[in-house]
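Take a look at the structure set out below.
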Amino acid sequence: MSGHKKTEEMTNFIYTMIKEDLERGALGDKCVHTRFPPEPNGYLHIGHARAILLNYKLAKAFDGKFNLRFDDTNPIKEEQAFVDSIMEDIRWLGADWGERLFFSSDYFDIKYQFAVRLVEAGLAYVCDLSQEEIRSYRGTLTEAGTESPYRNRSSEENLDLFERMRKGEFADGSRVLRAKIDMASGNLNMRDPVIYRILHASHHRTGDQWCIYPMYDFDHPFSDALEGITHSLCSIEYADHRPLYDWIVENAVNLFPEAVKYRSRQTEFARMNLTYTVMSKRKLRRLVEENHVDGWNDPRMPTIAGMRKRGYTPNSIADFQERSGVSRADSTAELALLEHCIREELETTAPRLMAVTDPIKVIITNWPEAQTEMVGMENIPGDEAAGSRQVPFSGEIYIERDDFMEEPPKKFFRLAPDGEVRLKGAYVIRCDEVFKDEQGNITKLHCTYDPQTRSGADTSGKKVKGVIHWVSVEHAVRITTNLYDNLFTIENPEEEKDVDFTLNINPDSLVVCKDVPAEPAVAEATPGSRFQFLRKGYFYYDPDASEDGKPFFNRIVKLKDTWAKVKKKG
RNA sequence: UGGGGCGUGGCCAAGUGGUAAGGCACGGGAUUUUGGUUCCCGCAUGCGUAGGUUCGAACCCUACCGCCCCAGCCA
């Protein structure tokens with residue numbers, strides 16, 4: 001955890017429920033056991049991070065166990081590559097599954113045996129209806145379904161047919177195994193759900209060993225019960241699958257007692273949206289495929305990989321998860337909360353450095369020619385242990401273009417004609433002359449400095465309100481900065497159903513600044529480290545190599561900017 | 001008159017019959033060589049609405065309103 005106190009007890013309803021379970025002795029001699037069950041068919045995003053961390057922290061809080069189990073029951077959609085990236089992301093987040101890595105496909109054999117027992121018990125049957133027929137027999141939301149003509153086949157016939165399904169005698173889609181429950185149930189999930197389908201497809205782990213694969217509703221509760229998961233947490237759209245979950249678990253315990261001893265229970269909690277981004281797999285894929293972003297790990301993406309590359313820390317994501325809470329109500333967290341979490345961490349941990357992302361040159365006309373002076377600056381204000389560094393100052397420097405205004409509004413206390421400003425850690429300068437090109441763009445400023453105003457040794461008595469950052473031209477190292485901003489211009493890009501969400505993409509979500517002058521200390525920075533470029537925001541030294549070999553820094557988040565607010569108000 | 005779920009300030013979220021925690025955001029002020037940080041202060045006479053029970057209701061009861069999810073051989 002980060003430096004600030006974070007020892008309060010969890011207060012979410014799931015934590016409370018587990019505590020009560022423990023007090024009641026509802027777990028018997030078992031310890032709390034959770035799991036995260038990703039399907040290896042895509043990349044993890046911030047929403048998954050919440051689920052991962054919730055499951056992991058809950059297990060940890062109660063000194064229990066945490067499994068990582070890949071839900072790989074659909075060979076058509078799943079790949080090893082996703083298994084790898086998912087593990088990398090979870091590991092990075094800090095959720096440690098130890099030796100407890102599992103795959104649903106590990107249990108294909110025993111699951112088949114369980115299915116056979118369901119058939120023997122008259123609780124499952126092979127149905128020859130086509131996919132379309134099954135759909136129409138299912139009924140509608142308001143009308144009961146109709147029983148399949150194959151519903152009352154004998155156990156012997158079902159056993160034979162199921163066995164032959166397994167052997168590969170039938171074509172994909174020609175038959176399925178269904179649980180025999182209740183075609184008149186108000187809950188569609190209970191209307192004789194399909195539990196096995198024929199899929200002549202190669203599986204990323206089991207190869208061609210199987211041509212029938214279990215469905216989620218059959219597979220998941222069984223896997224949970226088999227692993228002894230005590231608390232199976234899932235998102236709220238599975239709430240109406242719970243009766244089926246319980247049905248499977250109950251029958252597993254009764255029909256397969258030698259393998260399944262524990263009655264796992266499912267608890268649902270609401271997913272959470274984030275403002276200024278999208279979270280659905282489909283929309284994220286479109287962003288990538290239509291090249292609105294540069295891949296799944298583009299720093300603007302809400303994917304774990306994207307956030308990692310942006311420079312977010314696992315800690316800040318965990319903090320966000322804790323602060324945003326858990327409930328069953330639909331909710332949308334504000335990006336501002338996430339940003340607060342990373343700023344709070346970096347405020348006390350990120351060394352300060354100076355870089356000028358949009359420079360104009362300043363000539364200090366009364367500076368002794370060719371002279372360089374070293375000025376000291378603290379690395380992290382208020383943290384003496386973080387030390388300080390020497391920064392070269394000279395008669396030619398860069399300052400930020402928007403730190404100068406020819407016609408400053410009231411309360412602008414940066415540099416203006418005939419005005420004064422302090423150069424952070426150095427001297428107070430006055431602007432004497434402004435130079436422009438033919439288009440009227442400012443090209444250069446002539447200023448004079450006041451030798452009496454050296455930082456820490458100011459004898460001038462001047463009180464200058466503004467302090468700006470700078471970089472000595474002669475000593476500057478050149479870097480690239482990627483200035484990231486919100487990917488969308490509106491809070492909820494999914495809101496307007498009839499407008500394509502890509503229309504609200506922020507055209508300025510990435511501004512690349514090349515040849516940005518930065519103070520010499522930047523050259524000693526190590527890839528993968530985080531800094532604050534003074535007054536500009538927190539940046540991450542991207543460890544990936546850039547095209548030109550120059551270091552590049554991703555802006556993780558801007559600093560809060562009260563001035564921007566004041567300006568906006570006019 | 002299908003089933004399930006949810007409604008507490010701008011966004012989250014505690015609270016589970018005793019008179020509305022906390023965080024973020026927002027507004028104001030102080031400090032500040034980052035318009036950053038930090039520190040003060042403010043921010044629901046109100047808990048979807050309307051009734052009812054009670055000495056007392058966000059919490060209990062009734063009715064209504066609104067929003068979300070479900071008709072994959074996806075998960």
Side-chain angles (χ1 to χ4, degrees), chain A residues 8 11-13 37-39 41 71-74 76-78 127 129-131 134-136 138-145 172-178 184-191 193-199 212-213 215-217 219-220 234-243 268 270 272 275 320 322-341 343-344 347-348 352 354 377 381-382 411-414 422-426 428 453 455-456 458 464-469 491 532-537 558-567:
Chain A
E8 317 95 60
T11 52
N12 66 68
F13 79 98
E39 181 186 14
N41 74 340
D71 241 339
D72 56 350
T73 57
N74 187 346
I76 293 167
K77 299 166 70 176
E78 296 150 6
C127 181
L129 255 24
S130 69
Q131 189 159 183
I134 286 183
R135 188 186 310 129
S136 70
R138 185 151 36 225
T140 68
L141 293 178
T142 53
E143 298 162 88
D172 286 8
S174 61
R175 286 186 166 85
V176 292
L177 185 71
R178 294 227 251 169
S185 172
N187 183 342
L188 291 281
N189 297 118
M190 299 300 269
R191 320 243 264 228
V194 171
I195 58 179
Y196 263 94
R197 76 289 213 184
I198 302 172
L199 246 30
I212 56 171
Y213 292 92
M215 297 283 290
Y216 170 88
D217 281 318
D219 184 275
H220 200 86
C234 64
S235 50
I236 211 151
E237 65 264 32
Y238 290 102
D240 49 13
H241 291 242
R242 197 185 333 131
E268 312 85 21
M272 185 172 267
T275 55
F320 172 70
E322 273 164 39
R323 292 191 192 225
S324 55
V326 184
S327 75
R328 294 176 65 89
D330 296 343
S331 62
T332 302
E334 290 181 339
L335 218 212
L337 179 61
L338 215 207
E339 293 185 335
H340 169 81
C341 293
R343 282 196 197 104
E344 185 178 68
E347 160 68 19
T348 53
R352 273 58 169 178
M354 294 194 292
M377 261 186 251
K411 297 233 185 115
F412 179 83
F413 35 84
R414 274 116 89 151
R422 173 172 291 282
L423 297 172
K424 172 78 179 175
V428 170
T453 58
S455 257
D458 192 326
V464 180
K465 198 108 193 250
V467 178
I468 63 174
H469 59 103
E491 276 203 3
Q532 183 193 123
F533 283 147
L534 215 65
R535 303 204 306 134
K536 297 310 290 182
K558 297 178 201 171
L559 256 35
K560 283 218 261 180
D561 190 351
T562 310
W563 170 243
K565 253 183 239 167
V566 173
K567 249 192 328 196

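Order of the sequence lines fixes the chain letters, A, B, ..., with proteins taken first and strands second; residue numbering starts at 1 for each chain.
In this view, A:F413 satisfies the ring pair (Phe, Tyr, Trp, His ring centres under 6.0 Å) rule with no residue, not counting sequence neighbours. For A:H241, the ring pair (Phe, Tyr, Trp, His ring centres under 6.0 Å) criterion is met by A:Y238, not counting sequence neighbours. Partners of A:D240 according to the side-chain hydrogen bond (donor to acceptor under 3.5 Å, both in side chains) rule, which considers only residues two or more places apart in sequence or in another chain, do not exist here. Residues satisfying the side-chain contact (heavy atoms from CB on, under 4.5 Å) test with A:L559, not counting sequence neighbours, are A:Q532, A:Y538. Scanning for ring pair (Phe, Tyr, Trp, His ring centres under 6.0 Å) contacts around A:F320 gives an empty result, with sequence neighbours left out. Listed by chain and residue number, nothing satisfies the side-chain contact (heavy atoms from CB on, under 4.5 Å) test with A:S136 (two or more places apart in sequence, or in another chain). Legend: residues meeting salt bridge (charged side-chain N to carboxylate O under 4.0 Å, His left out) with A:R197, ordered by chain and number and at least two apart, are absent.
If you check every strand for non-hydrogen atoms under 4.0 Å, A:V326 touches sugar and phosphate atoms only. A:L559 comes within 4.0 angstrom of a nucleotide base, judged by non-hydrogen atoms across all strands. Residue A:I212 is out of contact with every strand shown, counting any heavy-atom pair closer than 4.0 Å. Contacts of A:G456 with the nucleic acid, taken as non-hydrogen atoms under 4.0 Å apart, include base atoms.
Nucleotides of RNA chain B with any atom under 4.0 Å from a heavy atom of chain A span, from 5' to 3', B:G2 to B:A75.
A salt bridge is defined here as a Lys NZ or Arg NE, NH1 or NH2 lying under 4.0 Å from an Asp or Glu carboxylate O, and A:E143 with A:R138 fails to meet this definition.
Both key distances under 3.5 Å define a Watson-Crick or G-U pair, and stretches of 3 or more such consecutive pairs in RNA chain B run B:2-7 with B:65-70, B:10-12 with B:22-24, B:26-30 with B:38-42, B:48-52 with B:60-64.
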